[in-house]
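What follows is one structure encoded as structure tokens, with my remarks underneath.
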Amino acid sequence: MSEQQPLVRAVNVIKDFGATRVLHGIDLEVHRGEVVCLLGPSGSGKTTFLRLINQLESLTGGRIWVDGELIGFEERRGRLHVRKDADIARQRSRIGMVFQRFNLFPHMTALENVVEAPVHVRGVRPSRAREEARRLLDLVGLAERADFYPSQLSGGQQQRVAIARALAMEPELMLFDEPTSALDPELVGEVLAVMRDLARDGMTMVVVTHEMSFAREVADRVVFMDAGVVVEEGAPEQVLRRPRHERTQAFLARVR
Ligand code: ADP
């Protein structure tokens with residue numbers, strides 16, 4: 001596998017919901033170790049694009065490769081065939097996703113939430129998985145809360161458990177869908193700090209966010225979407241401080 005090959009390559013991605021086209025041909029590449037922030041007004045298709053990368057939605061048109069492998073389809077003798085479920089599950093297991101709502105299992109402790117997928121999906125030995133889960137909870141600053149249930153944790157703590165849970169599958173790519181937008185303002189910082197550490201450790205990340213300071217400080221590249229198209233992209237410094245496009249300027253003026 002060449003070092004130059006992007007980890008994610010999306011070409012002319014189109015998505016319709018019924019008769020409505022919500023993505024009009026998105027091209028995007030994400031390289032290993034890169035942090036890309038997707039910005040844009042609500043309804044511009046950012047979440048849909050993330051969900052397509054993780055095969056939570058199916059493509060209407062275009063192609064997405066992750067680590068050089070076409071997702072959703074496979075090419076055999078020059079023809080595209082829909083992949084088998086087991087194959088899709090394998091592709092998905094390489095991608096961690098963190099949602100706006102934390103979606104933890106309420107009847108399981110923080111530790112059990114983190115242990116669940118490695119044991120049941122990947123067949124990791126429980127004792128080994130628990131050891132790794134403790135390391136990950138420590139990484140997100142929750143070593144002391146391992147035996148707490150979600151209802152006993154703040155929103156920020158629950159989101160950090162959700163990040164640890166995603167990391168437990170040893171993903172090569174992490175997708176974040178507005179991970180702080182359901183949090184009280186005073187809890188946003190602790191989640192962003194964990195994400196900043198992950199980025200610093202070299203994790204490849206695609207982050208949908210309205211946190212402009214995070215995008216400015218952590219993103220290698222910012223992609224501004226509006227109405228299902230990429231309007232402009234570039235270094236945060238360029239897109240956030242000297243946006244070229246009128247639509248980007250109008251959006252930034254509103255969120256600042
Ligand atoms: P963003 O993340 O930028 O706010 P979304 O990807 O959530 O945008 O939504 C893009 C458009 O697709 C919106 O108009 C939204 O209403 C529509 N949409 C998203 N999911 C569905 C769905 N499951 N069924 C129908 N329309 C959807």
Side-chain angles (χ1 to χ4, degrees), residues 8-30 34-64 66 71-72 82 85 88 91-92 95-103 155 159 162-163 166 171 173-183 185 188 191-192 195 204-216 218-234 236 239-240 243-256:
V8 180
R9 180 160 168 252
V11 175
N12 195 25
V13 166
I14 292 171
K15 178 63 182 172
D16 295 342
F17 286 112
T20 311
R21 178 147 298 181
V22 300
L23 294 178
H24 296 263
I26 303 286
D27 295 321
L28 186 74
E29 291 191 352
V30 182
E34 203 180 16
V35 178
V36 173
C37 282
L38 296 184
L39 310 179
S42 177
S44 55
K46 307 179 297 296
T47 293
T48 300
F49 184 63
L50 278 196
R51 292 172 63 84
L52 285 167
I53 296 174
N54 205 16
Q55 303 189 60
L56 295 171
E57 301 285 354
S58 55
L59 287 164
T60 302
R63 308 261 175 100
I64 301 176
V66 175
I71 62 161
V82 175
D85 287 352
I88 289 175
Q91 291 188 321
R92 229 186 240 154
I95 301 174
M97 187 150 178
V98 175
F99 300 87
Q100 189 172 347
R101 303 243 155 243
F102 335 117
N103 304 325
Q159 191 60 303
I163 293 173
L173 169 69
M174 286 284 284
L175 306 175
F176 292 87
D177 188 9
E178 297 195 35
T180 59
S181 60
L183 299 176
V188 168
V191 172
L192 294 180
M195 292 168 62
T204 311
M205 299 166 45
V206 182
V207 184
V208 174
T209 187
H210 293 294
E211 295 292 333
M212 293 303 143
S213 60
F214 178 84
R216 195 174 305 117
V218 182
D220 296 299
R221 196 147 45 93
V222 164
V223 174
F224 176 73
M225 285 176 62
D226 192 13
V229 300
V230 171
V231 174
E232 67 179 285
E233 64 175 291
V239 176
L240 300 177
R244 295 200 181 100
H245 203 287
E246 226 171 75
R247 284 197 269 175
T248 320
Q249 290 163 8
F251 172 76
L252 291 172
R254 278 204 306 277
V255 295
R256 274 202 182 112

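Atom set for the values below is all heavy atoms of this structure, side chains included, hydrogens, waters and symmetry mates excluded. Every number for a ligand or one of its atoms is a count from 1 in the order of the listing.
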Short side-chain to backbone donor-acceptor contact, [X] and [Y], under 3.5 Å:
X      : Y      : answer
Gln249 : Pro243 : yes
Thr60  : Asp16  : yes
Gln159 : Phe99  : yes

Go through the structure and list residues passing side chain to side chain contact (heavy atoms under 4.5 Å, CB included) with Arg216, not counting sequence neighbours.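 Side chain to side chain contact (heavy atoms under 4.5 Å, CB included) list for Arg216, sorted by chain: Met212, Ser213, Leu240, Arg241, Arg256.
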
From NZ (Lys15) to CG (Leu59), nearest 0.5 Å: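 Lys15 atom NZ to Leu59 atom CG measures 7.5 Å (nearest 0.5 Å).
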
Report every pair formed by an N or O atom of ligand 1 and a protein N or O atom separated by less than 3.5 Å, giving atom names and the distance to 0.1 Å.
from, atom 1, to, atom 2, distance (Å)
ligand 1, 2 (O), Thr47, N, 2.8
ligand 1, 2 (O), Thr47, OG1, 2.8
ligand 1, 3 (O), Ser44, N, 3.0
ligand 1, 3 (O), Ser44, OG, 3.3
ligand 1, 3 (O), Gly45, N, 3.0
ligand 1, 3 (O), Lys46, N, 3.0
ligand 1, 3 (O), Lys46, NZ, 2.7
ligand 1, 4 (O), Gly43, N, 2.7
ligand 1, 6 (O), Thr48, N, 2.9
ligand 1, 6 (O), Thr48, OG1, 2.6
ligand 1, 8 (O), Gly45, N, 3.1

Apply the side-chain contact (heavy atoms from CB on, under 4.5 Å) test between Phe224 and each candidate in His245, Glu233, Arg244, Arg247; give the one that qualifies.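 Checked His245, Glu233, Arg244, Arg247 against Phe224; only one passes side-chain contact (heavy atoms from CB on, under 4.5 Å): Arg247.
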
